[in-house]
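Below is one structure, written out as structure tokens, with a few remarks after it.
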Amino acid sequence: MNFGTIGAGTIAQALARHLVTAGHRVMLSNSRGPSTLAEVVANLGPLASAGTVAQAAKGDMVFLTVMWPDIAAALVDLPPWEGRILVDCTNQFARLDPIQVADLGDQTGSEWVANLVPDARVIKAFNTLFAEYIAPNPRHPAGRQVVFYAGDDAAAKATFRELVDGLGFAPVDVGALRDGGRLMQVGGPLSALHILKQD
């Protein structure tokens with residue numbers, strides 16, 4: 001599989017490092033263009049590259065890591081997804097200072113993102129973890145770092161689970177985008193829950 005990131009901040013770089021360590025190729029992208037990511041990809045090594053958002057979005061699995069107000073602009077005018085997997089790592093913070101959570105009515109953040117990419121298979125994951133829990137080796141003496149995930153497509157979820165397990169995390173399926181998304185989004189019982197799973 002080829003991987004991409006839309007967004008190239010702390011979380012995207014942490015995920016990219018896990019991917020390249022496991023031997024996968026990953027293309028990072030941001031709104032400022034690939035030339036601004038030269039140092040980042042150099043530090044990640046030869047399996048990492050920089051591209052435009054449209055190029056990164058052609059990956060078999062793409063991680064969305066931009067800030068909430070930037071999501072719509074990041075996903076507009078991209079090539080058709082044609083069933084490729086988009087992993088939504090975002091949280092619906094309309095503002096950070098002061099903190100303001102976007103009001104989506106009855107809709108979850110993961111459903112809102114999925115509506116922007118109707119031909120993608122969307123997985124919600126990594127949004128419940130602070131970056132400092134994503135970046136280190138997920139294998140600890142007491143167990144593996146748990147990653148909750150949700151989605152509506154069984155095959156996409158199986159692919160995601162296999163990948164994350166291979167990276168060393170302990171994937172835990174919490175259901176569909178609607179019900180699982182509610183558990184995982186800001187204010188839900190799994191938000192900011194950092195736990196380990198014993199093997």
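As a basis for the values below, the full set of heavy atoms in this structure was taken, side chains included, without hydrogen atoms, waters or symmetry mates.
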Minimum side-chain heavy-atom gap [X]-[Y] below 4.5 Å:
| X | Y | answer |
| --- | --- | --- |
| P138 | H18 | yes |
| L183 | K124 | no |
| N43 | E39 | yes |

Could you see if [X] belongs to whatever hydrophobic cluster contains [Y]? Use Ile, Leu, Val, Met, Phe, Trp, Tyr and a side-chain cutoff under 4.5 Å.
| X | Y | answer |
| --- | --- | --- |
| L190 | V164 | no |
| L177 | W68 | yes |
| L86 | M1 | no |
| V147 | I85 | yes |
| V53 | V117 | yes |

**Request:** Kindly check if the number of other-residue, nucleotide or ligand heavy atoms within 6.0 Å of CD (Q198) is above 12?
**Result:**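 It does not: Q198 CD has 12 such atoms or fewer within range.
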**Message:** Is it the case that over 12 heavy atoms from other parts of the model lie below 6.0 angstrom from the CG atom of N115?
**Reply:** yes
Could you give the distance from [atom1] ([X]) to [atom2] ([Y]), rounded to the nearest 0.5 Å?
| X | Y | atom1 | atom2 | result |
| --- | --- | --- | --- | --- |
| D179 | M184 | CG | CE | 12.5 Å |
| L116 | L78 | CG | CG | 10.5 Å |
| I134 | C89 | CD1 | SG | 7.0 Å |
| I6 | M27 | CD1 | CE | 12.0 Å |
| R121 | D152 | CZ | CG | 12.0 Å |
| F63 | D88 | CZ | CG | 11.5 Å |

**Message:** Under a plain distance cut-off of 3.5 Å, with no hydrogens placed, do N127 and T90 share a side-chain donor-acceptor pair?
**Reply:** no
**Message:** Just by distance, no angles: are the side chains of T159 and E162 close enough, under 3.5 Å, to form a donor-acceptor pair?
**Reply:** no
Using modelled atom types and a 3.5 Å cut-off, is there a donor and acceptor pairing between side-chain atoms of [X] and backbone atoms of [Y]?
| X | Y | value |
| --- | --- | --- |
| E111 | T108 | yes |
| Q145 | R139 | no |
| R84 | W81 | yes |
| K58 | G4 | no |

**Test side chain to side chain donor-acceptor pair (under 3.5 Å) applied to N30 and D70, T5, T36, T65, the passing residue** =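 Going through the options one by one, the only one that passes is T36.
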**Asked** Picking from L28, T21, L37, what satisfies side chain to side chain contact (heavy atoms under 4.5 Å, CB included) with L44?
**Response**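 When side chain to side chain contact (heavy atoms under 4.5 Å, CB included) is applied between L44 and each of L28, T21, L37, only L28 qualifies.
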Answer yes or no: is there an ion pair linking [X] with [Y], defined by an N-O contact shorter than 4.0 Å?
| X | Y | answer |
| --- | --- | --- |
| D60 | R25 | no |
| R144 | D165 | yes |
| R161 | D173 | no |

Can you see which heavy atom on [X] is nearest to which on [Y], and at what distance?
| X | Y | result |
| --- | --- | --- |
| F160 | M61 | CA-CE, 4.0 Å |
| L167 | A22 | CD2-CB, 3.7 Å |
| A50 | P34 | CB-O, 3.7 Å |
| G7 | A12 | O-CB, 3.2 Å |
| A125 | Y149 | CB-CB, 4.0 Å |
| V174 | A150 | CG2-CB, 4.0 Å |

**Message:** Before you tell me yes or no, could you show the steps for V146 and L196 under side chain to side chain contact (heavy atoms under 4.5 Å, CB included), namely the whole-Å CA-CA distance, both residues' side-chain angles and the distance that decides it to 0.1 Å?
**Reply:** CA-CA 5 Å; V146 166; L196 300 177; 5.8 Å; no
**Request:** Before giving the answer on side chain to side chain contact (heavy atoms under 4.5 Å, CB included), spell out for H24 and L163 the whole-Å C-alpha distance, their side-chain angles and the decisive distance to 0.1 Å.
**Result:** CA-CA 10 Å; H24 300 293; L163 170 73; 3.9 Å; yes
**Message:** Please confirm whether the ring centroid of F169 lies under 6.0 Å from the ring centroid of F126.
**Reply:**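 So the answer is yes for these two rings.
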**Asked** Are V26 and V20 close enough, and set up right, to give a side chain to side chain contact (heavy atoms under 4.5 Å, CB included), and what steps lead you there?
**Response** CA-CA 7 Å; V26 58; V20 299; 3.5 Å; yes
**Request:** Apply the test side chain to side chain contact (heavy atoms under 4.5 Å, CB included) to residues H194 and L129: give CA-CA distance (whole Å), side-chain angles for both, the deciding distance (0.1 Å), then the verdict.
**Result:** CA-CA 6 Å; H194 304 101; L129 296 174; 3.3 Å; yes
